[in-house]
Amino acid sequence: MHLFAAKPGGFVDDEGIIDLEQSPADIVILSAADSSLSALVAAANNLPDDFPSIRLANWMHLRKPAAFDLYQHQVLDGSKLVVVSLLGGQSYWEYGFERLQTWAKSQTDRQLIIVPGDDTEDGELFSASTVSESEAIRIWRFLRESGLDNSEQLFKCLAAEYLDAEYAWHEPKILPRSLIYLPSSDLANAKNPELGATFAEWQTYIEICNAAHGQFKTDVPVCVLLFYRSHLQNANSAMFDEFIACIQAQG
């Protein structure tokens with residue numbers, strides 16, 4: 001019973017039937033972007049133990065009809081809500097797209113949300129969902145902005161809006177194209193470092209760090225560390241937190 005199927009569990013070489021070895025869940029999210037799935041995994045690990053069950057998988061493993069049929073039998077038929085981030089549009093995964101439509105229509109308590117896997121709106125995908133276009137667009141923005149906070153809010157939104165669970169959530173937050181990043185701290189942005197800090201917050205942070213290392217001067221050398229915004233979107237900033245700590249330790 002895997003939260004995230006990073007690799008196929010088993011397959012038949014001659015037919016190419018991939019078995020992800022997952023079980024049904026309340027929420028299933030399928031995406032072709034492992035980076036987005038990585039952020040979702042990190043966010044899922046922060047959710048309460050009693051949160052609705054979640055399964056995440058790369059739908060590229062399910063492109064062959066037999067592989068999809070197996071996944072539907074093992075996972076989808078026992079699940080309640082399926083979200084698909086479809087890179088390439090309907091024509092890129094015609095079989096899965098059509099089968100998901102049939103899956104959603106076969107029972108009234110099933111919800112299907114299909115959104116584009118890129119930054120271009122696709123009305124055809126939105127209209128193929130069982131929710132309104134505005135609701136589908138909201139889910140799309142959660143996935144496109146990504147990041148730890150947006151991913152966590154996505155789960156809470158899905159649970160509250162479609163599974164009758166009581167969770168507070170907020171709308172997707174736009175990640176700045178560039179920002180001043182601060183690692184975990186007691187400052188105002190500690191819970192959402194991907195949204196960035198003001199210059200004043202950065203100065204305060206530097207003063208606190210200098211004081212912690214016995215350096216009470218404010219004119220100590222500054223080392224600038226640059227990294228791609230995508231690391232924040234993928235919830236992959238822990239290595240930079242460690243790097244910053246090592247730099248600070250050197251004074």
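Note that the numbering runs from 1 along the sequence shown for the chain.
In terms of heavy-atom proximity, Met239 sits nearest to Asn236 at CE-ND2, 3.6 Å. For the pair Ala159 and Tyr167, the tightest heavy-atom approach, listed with the atom from each and the gap, is CB-CD1, 4.0 Å. Across all their heavy atoms, His61 and Ala67 have their closest contact at O-CB, 3.7 Å. When every heavy atom of Ile113 is checked against every heavy atom of Tyr162, the shortest pair comes out as CD1-CE1, 3.9 Å. Pairing each heavy atom of Asn234 with each of Ser36, the nearest pair is OD1-N, 4.5 Å. In plain terms, the two heavy atoms of Leu143 and Ser85 that are nearest each other are CD1-CB, 4.2 Å.
Remark: the backbone N or O of Ala25 is paired with a side-chain donor or acceptor of Ser79 at under 3.5 angstrom. At distances below 3.5 Å, at least one donor-acceptor pair connects side-chain atoms of Ser146 with backbone N or O atoms of Gln233. Of the possible donor and acceptor atoms, one in the side chain of Asp26 sits under 3.5 Å from a partner among the backbone N and O of Ser53. In this structure, Gln107 contributes its side chain and Lys80 its backbone to no donor-acceptor pair below 3.5 Å. For Arg110 (side chain) and Asp77 (main-chain N/O), a donor-acceptor pair under 3.5 Å exists by modelled atom type. A donor-acceptor pair under 3.5 Å is formed between the side chain of Gln101 and the backbone N or O of Ala128. Side-chain atoms of Ser151 do not come within 3.5 Å of backbone N or O of Leu148 as any donor-acceptor pair. Using a distance-only test at 3.5 Å, with no hydrogens or angles considered, no donor-acceptor pair links the side chain of Ser237 to the main chain of Phe240.
Trp93 and Phe68 have perpendicular rings, their planes meeting at more than 60° on a 0 to 90° scale where under 30° would count as parallel.
With rounding to the nearest 0.5 angstrom, the CG atom of Leu56 is 11.0 Å from the CG atom of Asp34. The line from CZ of Arg229 to OG of Ser178 is 9.5 Å long, rounded to the nearest 0.5 Å. Rounded to the nearest 0.5 Å, atoms CG (Asp109) and CG (Leu163) are 10.5 Å apart. Here the CZ atom belonging to Phe199 is positioned 7.0 Å from the CD1 atom belonging to Ile180, to the nearest 0.5 angstrom. From Glu152, atom CD reaches atom CG of Leu40 across 11.5 Å, with rounding to the nearest 0.5 Å. For the atom pair Ser129 OG and Ile139 CD1, the distance stands at 9.5 Å (nearest 0.5 Å).
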Asp19 vs Gln74, side-chain contact (heavy atoms from CB on, under 4.5 Å): CA-CA, chis, key distance, verdict: CA-CA 9 Å; Asp19 180 3; Gln74 292 183 334; 3.0 Å; yes

Arg99/Thr102 under side-chain contact (heavy atoms from CB on, under 4.5 Å): CA gap, chis, key distance, verdict: CA-CA 5 Å; Arg99 292 297 299 158; Thr102 302; 4.1 Å; yes

Worked check of side-chain contact (heavy atoms from CB on, under 4.5 Å) between His170 and Asp149: CA-CA 10 Å; His170 60 66; Asp149 181 60; 3.1 Å; yes

side-chain contact (heavy atoms from CB on, under 4.5 Å) between Tyr95 and Lys64, worked out: CA-CA 8 Å; Tyr95 184 82; Lys64 291 197 174 185; over 6 Å; no

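Checked against the 6.0 Å centroid criterion, the rings of Phe243 and Phe227 do not qualify as a close aromatic pair. Here Phe126 and Trp140 bring their ring centres to under 6.0 angstrom of each other.
Between Leu158 and Ile29 the shortest side-chain heavy-atom distance falls below 4.5 Å. At a threshold of 4.5 Å between non-hydrogen side-chain atoms, the residues Val131 and Gln111 count as touching. At a threshold of 4.5 Å between non-hydrogen side-chain atoms, the residues Cys157 and Arg138 count as touching. Residues Arg55 and Leu76 form no side-chain contact, since every pair of their non-hydrogen atoms from C-beta on lies 4.5 Å or further apart. Side-chain contact between Trp59 and Leu86 is present, with at least one heavy-atom pair separated by less than 4.5 Å. Using a 4.5 Å heavy-atom cutoff, the side chains of Leu20 and Ile18 are in contact. Contact check for Asp118 versus Leu87: side-chain heavy atoms found under the 4.5 Å cut-off. Between Phe51 and Ile27 the shortest side-chain heavy-atom distance falls below 4.5 Å.
Ile174 and Ile137 are assigned to two separate hydrophobic clusters, defined by single-linkage of ILVMFWY side chains at heavy-atom distances under 4.5 Å. Hydrophobic clustering, with ILVMFWY side chains joined whenever heavy atoms are under 4.5 angstrom apart, keeps Tyr228 apart from Leu232. In the hydrophobic clustering of this structure, Tyr92 groups with Leu112; members are Ile, Leu, Val, Met, Phe, Trp, Tyr whose side-chain heavy atoms approach within less than 4.5 Å, directly or through other members.
With respect to the salt-bridge test (charged N to carboxylate O, under 4.0 angstrom), the residues Asp119 and Arg144 qualify. A salt bridge does not link Glu145 with Lys173: every distance from a Lys NZ or Arg NE/NH1/NH2 to an Asp or Glu carboxylate oxygen is 4.0 Å or more.
The closest side-chain donor-acceptor pair between Tyr181 and Asp241 falls under 3.5 angstrom.
A 6.0 Å sphere centred on CG of Asp49 holds no more than 12 heavy atoms belonging to other residues, nucleotides or ligands.
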